[in-house]
Each structure stands twice: as C-alpha cells, then as structure tokens.
Amino acid sequence: MFNIILFGPPGSGKGTQSQKLIDKYDLKHLSTGDLLRSEIAGQTPLGIEAKNFMDKGQLVPDAVVIGMISTALETNPNVAGFLFDGFPRTAAQAEALDKLLQLKKTSIAVMLALDVSEDELVKRLLNRGQSSGRSDDTDEIIIRNRIEEYESKTKAVADYYAEFNKVVHLKGEGTISEIFDSLCAEIDKRK
Ligand code: B4P
C-alpha cells in the first residue's frame, strides 16, 4: 500500500488537490472534513455533536475523528493506498493513525505540506463561502479561529512526521495545476 497525508492550513488546497491526486494514483480519499459534513447532512448523533465545534471553527474531539478513520480503514481492505486529507490534525490523531496502519502492516510514505500565507487563506475561504454556503467559510472571525487552531494544535503534526524524515513542504500558492505538478513530482520520487 502507498499512503499519503496531504497537510496544510484550512484553505491551503488539500481538498482541491486531493480530487486530482486520487484520480491519477487510484488512491482511496479519506477526508475527515467530508466525512463530518456527511454525518451533519444525515443529522446523525455524531454529526450533531461535530457541528457545534465546526460552526465555531474549532477542531472536533479526537475520539470522534479517530473512530471515523478507524471505521473507514476497516471498510476499505483492498485499496492500493489511502490519501488522508485533513487528518491527522493533532498529535493524538497522528499516533492513533500510526497504530491503525501498523495493524494493517503498512505506514505513511510521505506527508506533503502545502504552505500558504494567512491573507491568501482568508481570501480563498471567504470566496468559497460565497458559493458553497458552508457556515464555517462565511465569517472572517470563524475563519481566523480555524487558522489559530491550526497554528496551536495542528502545525506540530508536521514536526511529528519530520522526526521520521517523512515531510516535504511545497509552495501552495500558484495555479492549481502548478501545485498539482509539484505534488506529483514528489509522489513519483517515492513510488
Ligand atoms: P476541512 O473540510 O478539512 O476543510 P479545510 O481545511 O477548511 O479546507 P481545505 O484545505 O480542504 O480546502 P481547499 O484548500 O481545498 O475541515 C473543516 C472543519 O472540519 C475543520 O475546521 C474542523 O472543525 C473539522 N475537522 C476536519 N477534520 C478534522 C480532524 N481531523 N480533527 C478535528 N476536526 C476536524 O479549498 C479552499 C478554497 O481555495 C476553495 O474554494 C478552492 O477552490 C480554493 N483554492 C484551492 N487551491 C487554490 C489555488 N491554488 N489558488 C486559488 N484558490 C485555490
């Protein structure tokens, strides 16, 4: 199996690039943001709990997202690999992911981290909010809160994988296809 983490702050292009990468490399896309939004749409107890956090721009509790990923790994036993998008977002999630992958006798090949300036992130998310109607994309205070959560809780996840020499930082500003090409170049070096 070939497993990748696509990493970066909210609005850095993880979701956008994931769609293109899964097509090219035939990977199973696991986006915790998408999984949570589908629980919210289905008005499940998990979705109702998660919505309270997401609407404030806060991270959803670790136990909730780790449980979702564990289920997703179990229900996809025969894939070529996973593309993790928006997960792990805390050190506890990173440790849990390593253990889950060990059980499957596999590991993370590389973490690709997209670097984007804060002004550009806010601009992109407000822009998406106008068309998507996503409640966490329409209010600049909530967007800034998400970026703060990233700075205080998520950024350290890159340090965790850096200890194993698994992190590559890439410029996340430029056209979508330029960024896609630089992601593919890093993946192709490792496949
Ligand atoms: P996510 O769904 O993961 O969303 P995101 O980080 O906001 O966005 P993403 O990075 O995928 O968006 P993209 O840049 O592609 O998380 C939402 C919430 O869910 C979190 O705040 C949290 O509450 C919760 N959550 C999710 N995972 C969790 C976890 N593991 N633990 C706890 N809580 C969790 O797109 C942004 C915009 O930029 C788009 O409009 C796109 O078109 C545009 N764009 C992309 N690339 C561009 C480029 N190169 N140039 C210009 N615009 C670009």
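We count ligands from 1, going down the list as the structure has it; atoms in each ligand are counted the same way.
For the pair Glu186 and Lys189, the salt-bridge criterion is met [side-chain N within less than 4.0 Å of a carboxylate O]. Here Lys191 does not pair with Asp188 in a salt bridge; the nearest charged N to carboxylate O distance is not below 4.0 Å. Using a 4.0 Å cut-off between charged nitrogen and carboxylate oxygen, Glu95 and Lys99 do not count as a salt-bridge pair. Salt-bridge check for Asp139 with Arg144: failed, with every basic side-chain N at 4.0 Å or more from each acidic carboxylate O.
Using the six-membered ring where Trp is involved, Phe164 and Tyr160 have ring planes that are perpendicular, over 60° apart on the 30 and 60° scheme.
The ligand atoms of ligand 1 that sit less than 4.0 angstrom from a heavy atom of Val65 are 29 (C), 31 (N). Near Gly174, with a cut-off below 4.0 Å to any heavy atom, the atoms of ligand 1 are 48 (C), 49 (N), 50 (N). Taking every heavy atom of Arg146 and a limit of under 4.0 angstrom, the matching atoms of ligand 1 come to 5 (P), 7 (O), 21 (O). Below 4.0 Å from some heavy atom of Ile179 lie the following atoms of ligand 1, by number and element: 49 (N). Residue contact check: Ser12 has heavy atoms under 4.0 Å from atoms 10 (O), 14 (O) of ligand 1.
Closest protein heavy atom to atom 36 (C) of ligand 1: Arg128 NH1, 3.4 Å. The protein heavy atom nearest to atom 16 (O) of ligand 1 is Arg89 NH2, 3.3 Å. If you check which protein heavy atom lies closest to atom 4 (O) of ligand 1, you get Arg134 NH2, 3.6 Å. Counting protein heavy atoms only, atom 6 (O) of ligand 1 is closest to Lys14 NZ, 2.9 Å. In terms of protein heavy-atom proximity, atom 43 (C) of ligand 1 is nearest to Arg124 CD, 4.0 Å. Here the protein heavy atom with the shortest distance to atom 11 (O) of ligand 1 is Gly15 N, 3.0 Å. Regarding atom 22 (C) of ligand 1, its nearest protein heavy-atom neighbour is Gln58 O, 3.8 Å. If you check which protein heavy atom lies closest to atom 45 (C) of ligand 1, you get Thr16 OG1, 3.3 Å.
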Report the C-alpha separation of Arg146 and Asp137 in whole Å, then their side-chain angles, then the decisive distance to 0.1 Å, and conclude whether the salt bridge (charged side-chain N to carboxylate O under 4.0 Å, His left out) test is met.
CA-CA 10 Å; Arg146 285 160 64 193; Asp137 280 347; 2.8 Å; yes
Going through the distances and angles, do Ile4 and Leu21 end up as a side chain to side chain contact (heavy atoms under 4.5 Å, CB included)?
CA-CA 10 Å; Ile4 304 172; Leu21 291 170; 5.7 Å; no
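Nearest-residue assignment for atom 30 (N) of ligand 1 (options Gln93, Gln130, Lys51, Gln17; heavy-atom criterion): Gln93. Residue nearest to atom 33 (N) of ligand 1, selected from Val60, Thr32, Asn52, Ile176: Val60 (by heavy-atom distance).
For the pair Asp136 and ligand 1, the shortest N or O to N or O distance does not fall below 3.5 Å. Here's the thing with Gly11: one of its N/O atoms is less than 3.5 angstrom from an N/O atom of ligand 1.
Here the side chain of Gln93 pairs a donor or acceptor atom with the backbone of Arg89 at under 3.5 angstrom.
Within the 4.0 Å heavy-atom criterion, neither part of Asn127 lies near ligand 1. By the criterion of a heavy-atom distance under 4.0 Å, the side chain of Arg37, and not its backbone, is placed next to ligand 1. When heavy-atom distances to ligand 1 are checked against a 4.0 Å cut-off, Lys153 has no atom that comes that close, whether in backbone or side chain.
The number of heavy-atom neighbours closer than 6.0 Å to NZ of Lys104, taken from other residues, nucleotides and ligands shown, is above 12. More than 12 non-hydrogen atoms from other residues, nucleotides or ligands lie less than 6.0 angstrom from NZ of Lys166.
Residues Lys14 and Asp85 come closest through the heavy atom pair CB-OD1, 3.4 Å.
With 3.5 Å as the limit, one finds a donor-acceptor pair spanning the side chains of Asn3 and Thr106.
Using a 4.0 Å cutoff on heavy atoms, Phe87 counts as a contact of ligand 1.
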